[in-house]
Amino acid sequence: SSTWPDEIRRKGNKYDHPDWHFIDYPLRPPSFPIEPDARPTNNVVFGIAQCEKTLNKPNADPELRAVYLSYLVHLVGDLHQPLHCASLFTDAYPKGDKGGNDFFVRPNKTGVRLHGIWDGLLGSSANPRTQWNYAIELEAKSPRKSLPELKQHKTPKEWSFESRQLAIDIGYQRGELKGGTMKETAVDLPAGYTKTAKAVAEKQGALAGYRLADEIEKYLKLNKTVSLLPENTNPIAKELPPSKIGATEAAKHYDQSMIVTGIVAQVTVRPTTTLINLDVSGRDAPFTAVIFEENSDQFPDPANLKGKNVEISGMISEFHGKPEIVLESADQIKVSK
C-alpha cells in the first residue's frame, strides 16, 4: 500500500495527487527565513489532513477509505524525507532547486541528483524480508523512549518543520554544500556526507514509523493498542534464509532470492551503470551484478572488487537471457575469504 501513490502518479488515475508528495518551503541562505509554501492546499501536509478527515469517518465509502489509508502510509514517509520539505533558492536556482532534484553532486565518478541520494538512503529493495528485517533494526536503534520529538511535535505541520530544518542543517549544510545545475557540472560530495545523511534518514524512518502507527490507531477508530504479531507468525519472518549458489547456477533460479558466489572477473563502470561479472569476463559471464546510477553512492570503489571472492544477495532477474541481481544497498555484496 505504501508504494501505490507513486505507482499511479501522473498516469491519469482519478485518485492521483502528484503534488501531495512534498511541501516546498523556500530555503534562502544564509539566514533561511521561514516562508510559507506557495501551495498551502496542495502539498503533503494538506494531503495528510485529507487522509485524516476521510479515515475519521467509519461510514465513508470503503474504497475511498482504502485509498486514503494508502496515501497516509505513503505521505507520512514522504514528510520525513528532509528534501521533500524544502527547495533551495540561490542565484543558481532563482526558481528553486525542486527539493534537490536540480542540485547535482558527485558521490563518486558520476553526477547524481541530491534528492535521489536522500531518497535512497534507506535502500530500495523490493524484497519484503529485507525491509522487514531493516524495520526491526531501526526499531532497536531508536526505541520510542529515545525520541523526544514524539512528544514535542504532534502535528504533520510540526513534522514538516523538523524536516525543513534537517534539510538546512544536513541536506544543504546551511548553504555551504556545493552542487551543479546539471550532471556534467556536479561537485564532489564532502567526505562523510552520505554516512551522516544515512544516520539522519534512519532516525527519520523510526519517527515516521511511530507516528504512522499512532495515526492509524487514532483515525481508524480502533480505540485500543494494537498488539504486535507474535514472533515468527508473519510469513516473511518465517522464510528460510536464501540459498547459496554458484554463479553458473544462477540461471536456474530466476525470480528467487539467492546468494550468488563467485570470483569477480570484470568490473565495467559506465556513466549510468556499473557491471560486475562473476567467474568469466564479457558476454560469456554466467552472472552479472548491476549497479544503477541512483545507487552508485552506495558503492564508491567497485573496481577494487576485481579478483576477489564475493557473495551477492538479492532477487535474480533475467536480462537479455542472462541472470543478474540489481544492487541497491552495500550489504548486498560481501567479500568472502
Original post:
So among K154, K203, Q204, which one has a side chain to side chain donor-acceptor pair (under 3.5 Å) with E149?
Top reply: K203
Could you pull out the closest heavy-atom pair between [X] and [Y], with the gap in Å?
| X | Y | result |
| --- | --- | --- |
| D279 | P286 | CB-CG, 4.2 Å |
| S160 | K157 | OG-O, 2.6 Å |
| S313 | L327 | O-CD2, 4.5 Å |
| S1 | V73 | OG-CG2, 4.3 Å |
| G175 | F32 | N-CZ, 3.8 Å |
| P143 | Y210 | CA-OH, 3.3 Å |

Charged N-O contact under 4.0 Å between [X] and [Y]:
| X | Y | answer |
| --- | --- | --- |
| E162 | R211 | yes |
| E137 | K141 | yes |
| R113 | E294 | no |
| E139 | R144 | no |
| R164 | D24 | no |

Original post:
Going through the checks in order, is the salt bridge (charged side-chain N to carboxylate O under 4.0 Å, His left out) test met by E184 and R106?
Top reply: CA-CA 10 Å; E184 292 74 19; R106 194 164 47 230; over 6 Å; no
Subject >> Derivation and outcome, side chain to side chain contact (heavy atoms under 4.5 Å, CB included), residues K244 and T261 >> reply: CA-CA 7 Å; K244 188 178 293 187; T261 64; 3.5 Å; yes
Pairwise distance [atom1]([X]) to [atom2]([Y]) - rounded to 0.5 angstrom:
| X | Y | atom1 | atom2 | value |
| --- | --- | --- | --- | --- |
| S70 | L75 | OG | CG | 8.5 Å |
| D119 | D78 | CG | CG | 8.0 Å |
| I8 | D16 | CD1 | CG | 5.0 Å |
| F22 | D37 | CZ | CG | 8.0 Å |
| K195 | L121 | NZ | CG | 14.0 Å |

**OP:** Please work out whether the ring planes of Y71 and W20 are parallel, tilted or perpendicular, with thresholds of 30° and 60°.
**Re:** perpendicular
**OP:** Any chance you could lay out the side chain to side chain contact (heavy atoms under 4.5 Å, CB included) test for H253 and I245, step after step, and finish with the verdict?
**Re:** CA-CA 9 Å; H253 299 279; I245 60 175; 3.7 Å; yes
For [X] and [Y], test the side chains for any donor-to-acceptor distance below 3.5 angstrom and give the result as yes or no.
| X | Y | value |
| --- | --- | --- |
| T288 | N277 | yes |
| S317 | Y254 | no |
| D169 | Q165 | yes |
| Y15 | E63 | yes |
| Y172 | D97 | yes |
| R9 | H17 | no |

Subject >> Stepwise side chain to side chain contact (heavy atoms under 4.5 Å, CB included) test for V105 and D188 >> reply: CA-CA 6 Å; V105 293; D188 290 341; over 6 Å; no
Original post:
Side chain of E328, backbone of G123: donor and acceptor closer than 3.5 Å?
Top reply: no
Original post:
Between H74 and W4, is the ring centre distance below 6.0 Å?
Top reply: no
**OP:** Dump the intermediate steps for side chain to side chain contact (heavy atoms under 4.5 Å, CB included) on H84 and H115, then the final yes or no.
**Re:** CA-CA 8 Å; H84 276 250; H115 188 102; 3.4 Å; yes
